[in-house]
Amino acid sequence: MNTKLIESLVPIIETLSEEEQLLIKAKLFSNIPYPSTSEITQLAQSGGAFQFLHDEPDIYTLEDGEPIMIAKLINKQLTTNN
């Protein structure tokens with residue numbers, strides 16, 4: 001990495017107008033590809049941000065997506081009381 005070159009370019013770029021700086025940013029970052037869905041999924045799985053969901057109770061069955069029995073009972077209780 002050419003640190004000296006970068007350090008010498010920064011002050012020059014800072015002297016440019018805001019419009020010129022935006023043009024430089026557009027040129028620098030226009031060829032960066034967006035991550036694919038599978039890459040984002042892999043990042044989410046390996047990052048640990050959703051790890052807490054493993055400790056949460058399941059409220060739907062795997063077979064039909066319907067609420068499990070306790071949720072049905074609560075719903076029935078609520079509808080009969082109204």
Side-chain angles (χ1 to χ4, degrees):
M1 182 157 111
N2 193 338
T3 306
K4 285 184 179 183
L5 175 62
I6 293 170
E7 293 294 330
S8 66
L9 288 174
V10 170
I12 295 169
I13 292 171
E14 289 175 340
T15 64
L16 298 174
S17 70
E18 186 176 340
E19 184 179 334
E20 291 166 325
Q21 289 182 27
L22 288 174
L23 181 60
I24 288 175
K25 284 182 184 179
K27 294 282 186 184
L28 287 173
F29 299 114
S30 65
N31 292 330
I32 297 175
Y34 287 102
S36 67
T37 302
S38 62
E39 290 171 325
I40 292 173
T41 302
Q42 178 62 32
L43 180 62
Q45 289 175 343
S46 64
F50 298 102
Q51 196 64 30
F52 72 94
L53 291 174
H54 290 290
D55 298 329
E56 293 292 317
D58 291 331
I59 58 171
Y60 296 96
T61 63
L62 294 175
E63 291 80 29
D64 59 8
E66 290 294 318
I68 58 173
M69 196 58 170
I70 190 71
K72 288 181 182 179
L73 290 173
I74 292 170
N75 190 29
K76 184 177 181 180
Q77 186 73 20
L78 291 172
T79 56
T80 55
N81 288 338
N82 291 331

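Quick note: numbers below take in every heavy atom, side chains included, and nothing from hydrogens, waters or symmetry partners.
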- request: Can you sort out the partners of N31 under side chain to side chain contact (heavy atoms under 4.5 Å, CB included), two or more places apart, ordered by chain and number?
  value: none
field: For I24, all residues meeting side chain to side chain contact (heavy atoms under 4.5 Å, CB included), sequence neighbours excluded
entry: I13, L16, L28
- request: Just jot down the side chain to side chain contact (heavy atoms under 4.5 Å, CB included) partners of I6, sequence neighbours excluded, or say none.
  value: M1, V10
message: How about OH on Y34, more than 12 heavy atoms from neighbouring residues, nucleotides or ligands closer than 6.0 Å, or not?
response: no
field: Qualifying side chain to side chain donor-acceptor pair (under 3.5 Å) pairs, either residue in residues 15-26, two or more places apart
entry: S17-E20
- prompt: Quick one: hydrophobic cluster around L23, which other residues, with the 4.5 Å side-chain cut-off, linked directly or via members?
  reply: none
Residues in side-chain hydrogen bond (donor to acceptor under 3.5 Å, both in side chains) contact with S38, at least two apart in sequence or another chain: S36
- line: When rounded to the nearest 0.5 Å, the distance separating CD1 of I12 from CD of E14 is 10.5 Å
- prompt: How would you list, by chain and number, every residue that makes a side chain to side chain contact (heavy atoms under 4.5 Å, CB included) with L5, sequence neighbours excluded?
  reply: N2, S8, L9
